[in-house]
Amino acid sequence: MTARAGAPAVPDDSGLVEPGRGGGLGEVFRRRYLLKLIVRRELRARYQGSLLGLGWSYVRPAAHFAVFFFVAGIFLGMSRHVEHFPIFMFSALVLVSFFNETLINTTHSVLGNAPLVRKVYLPRELFPVASLLVSCVHLLPGLAIVLTVAVAWGWAPSAAAIGSALLGFALVAVLGIGLGLICSALHVFYRDTDKVVDIATLFVTWSVPMIYPWTVVRDTAPAWALELYLSNPLAVGVLLFERAFWWPTTDGAFAFPPGLTRDALVLLGLAVLLLGAGQLVFARLQRRFAEEL
C-alpha cells in the first residue's frame with residue numbers, strides 16, 4: 001500500500017535481527033569473509049612476536065611424537081610388537097591433537113572475544129567455528145609429516161585409504177565442534193568449564209588405540225568393555241586414520257574391528273545430532289552472553 005502524501009515514512013526493519021538471535025551455523029557460512037578475518041586474526045594473535053610463527057605447528061607435533069615414541073615405543077617396547085610403530089602412533093597422534101586443540105580452543109572462543117560480543121552484533125557461532133578452522137590449519141603440518149613417513153615406507157594413495165582418512169577426520173571434526181559449541185556457551189556462565197575440559201582431554205590419549213593396538217583391549221577386557229571402547233567416536237576415528245596411513249605400509253596381517261566403516265558412519269550420524277543439539281544450546285544461551293560478559 002502506498003503511503004499518503006505528507007505521512008511520516010515507516011522505517012523498514014525487515015532486515016534487522018533481534019539481538020541474541022541469528023541464523024546459526026548457516027549464517028556463519030554466509031559470512032565467510034568475516035569468518036576468514038577472524039581466523040586470520042586468531043593466527044596472527046597466536047604467533048605475534050614469535051620467531052618461528054607457523055613453524056611451531058611442525059615443532060609441536062614433532063615434540064609430542066618424540067615423547068610418546070621414546071616412552072611407549074622404546075621404554076615400553078611397543079616398537080617390537082607393532083610393525084612400523086612410529087607411523088602407527090603418529091597417525092593417531094595428529095588426530096588426537098586436533099581434537100584436543102579444537103575442544104580447548106572452542107571452549108575459550110566466546111569468552112576470549114568478549115569485547116566483540118559486547119560491542120558488535122555478529123553470529124557468535126563465528127568464534128567456535130574459527131577455532132575449529134585454526135585447528136585444521138595446525139593439523140596440516142602433522143598430516144604432511146605422516147604422509148612423508150608413510151610414503152617412505154611404501155604407502156601409496158588409494159580410494160580406501162583416502163576414504164578412511166576423510167571419514168575419520170569428519171567424525172572427529174563434527175564431534176569436536178558439537179562439543180565445542182556447548183562448552184563455549186557454558187564457559188560464559190561457568191568459568192570452570194575450561195578446567196573440566198582440560199581434565200577430560202587428559203583421558204583422551206589413553207582412551208584410543210594410539211600407543212597400543214585395539215587388540216590389547218580385545219584380548220584383555222571383557223566383552224562389554226570392548227563394546228564400550230569401540231563405541232567411542234575418537235577411538236573409531238583413530239582406527240580409520242591408522243587404516244588410512246599405517247596399515248598400507250605393513251604386511252596387511254593386522255585385523256581391524258569388523259564393521260569399522262559401518263560403525264563410523266553410524267557414529268558420524270550421532271555426531272551430527274550432537275552438533276544440532278550443540279547449536280540449540282548455544283542459540284538458547286547466547287541471548288545472555290552480552291550481559292554475562
Side-chain angles (χ1 to χ4, degrees), residues 42-43 46 56-72 76 88-113 127-143 145-146 168-212 214 217 225 228-242 264 267-268 270-271 274-275 277-278 281-282:
E42 284 201 23
L43 288 172
R46 185 168 301 189
W56 286 110
S57 299
Y58 291 88
V59 174
R60 189 173 180 180
H64 284 176
F65 167 77
V67 171
F68 282 110
F69 176 74
F70 280 105
V71 172
L76 299 182
F88 169 86
M89 186 188 70
F90 198 54
S91 60
L93 178 61
V94 294
L95 195 63
V96 169
S97 299
F98 166 72
F99 174 80
N100 286 343
E101 181 181 351
T102 297
L103 187 56
I104 291 172
N105 289 344
T106 53
T107 298
H108 291 90
S109 61
V110 175
L111 192 61
N113 288 280
F127 304 118
V129 173
S131 294
L132 170 67
L133 295 180
V134 170
S135 298
C136 289
V137 172
H138 293 154
L139 173 66
L140 294 177
L143 283 179
I145 297 172
V146 168
F169 170 77
L171 176 58
V172 173
V174 174
L175 178 68
I177 190 61
L179 291 173
L181 284 169
I182 296 172
C183 292
S184 62
L186 291 177
H187 191 40
V188 173
F189 302 93
Y190 308 102
R191 302 301 167 87
D192 50 0
T193 302
D194 61 339
K195 307 300 188 299
V196 176
V197 168
D198 285 340
I199 293 172
T201 56
L202 294 176
F203 293 93
V204 171
T205 300
W206 305 99
S207 67
V208 300
M210 187 180 80
I211 60 177
Y212 57 86
W214 78 276
V217 181
L228 183 63
Y229 182 81
L230 293 178
S231 65
N232 177 6
L234 293 175
V236 173
V238 163
L239 286 168
L240 288 169
F241 254 50
E242 289 170 350
L267 290 171
L268 178 58
L270 294 176
L274 175 64
L275 176 58
V281 171
F282 192 94

Between [X] and [Y], which heavy-atom pair has the shortest distance, and what is it?
X	Y	answer
A264	V236	CB-CG1, 3.7 Å
H187	L111	NE2-CD2, 3.4 Å
R191	K195	O-NZ, 4.2 Å
I177	P128	CD1-O, 3.7 Å
S135	N105	OG-ND2, 4.3 Å

(message) Once ring-ring contact (aromatic ring centres under 6.0 Å, His included) is applied, do any residues pair with F98, and if so which ones, sequence neighbours excluded?
(response)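 Listed in chain order: F169.
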
(request) List for me each residue that meets ring-ring contact (aromatic ring centres under 6.0 Å, His included) alongside F282, sequence neighbours excluded, and say none if there are none. (result) F289

Side-chain heavy atoms of [X] within contact of [Y], under 4.5 Å:
X	Y	answer
V146	F241	no
V94	L139	yes
L239	L230	yes
E42	L133	no

Distance, nearest 0.5 Å, that separates [atom1] of [X] from [atom2] of [Y]:
X	Y	atom1	atom2	result
L240	S91	CG	OG	11.0 Å
L275	L270	CG	CG	12.5 Å
I182	T193	CD1	OG1	11.5 Å
L143	H138	CG	NE2	13.5 Å
S231	L267	OG	CG	7.5 Å
L103	L132	CG	CG	11.5 Å

(request) Among V281, V196, T107, find the residue that satisfies the side chain to side chain contact (heavy atoms under 4.5 Å, CB included) test when tested with C183. (result)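 Among V281, V196, T107, the one that satisfies the side chain to side chain contact (heavy atoms under 4.5 Å, CB included) with C183 is T107.
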
(message) Using the side chain to side chain contact (heavy atoms under 4.5 Å, CB included) definition, which of the options L274, V172, L175 pairs with P233?
(response) L175

What residues form a side chain to side chain contact (heavy atoms under 4.5 Å, CB included) with [X], not counting sequence neighbours?
X	result
A92	M210, V238, E242
D198	I104
V217	Y212, A221, L226, Y229

(message) I'd like to know whether H108 forms a side-chain contact (heavy atoms from CB on, under 4.5 Å) with D194, so could you lay out the CA-CA distance, the side-chain angles of the two residues, the decisive distance to 0.1 Å, and finally the verdict.
(response) CA-CA 7 Å; H108 291 90; D194 61 339; 3.2 Å; yes

(message) Enumerate the side chain to side chain donor-acceptor pair (under 3.5 Å) contacts for residues 171-184, please, sequence neighbours excluded, ordered by first and then second residue.
(response)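 Qualifying pairs, neighbours excluded: none.
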
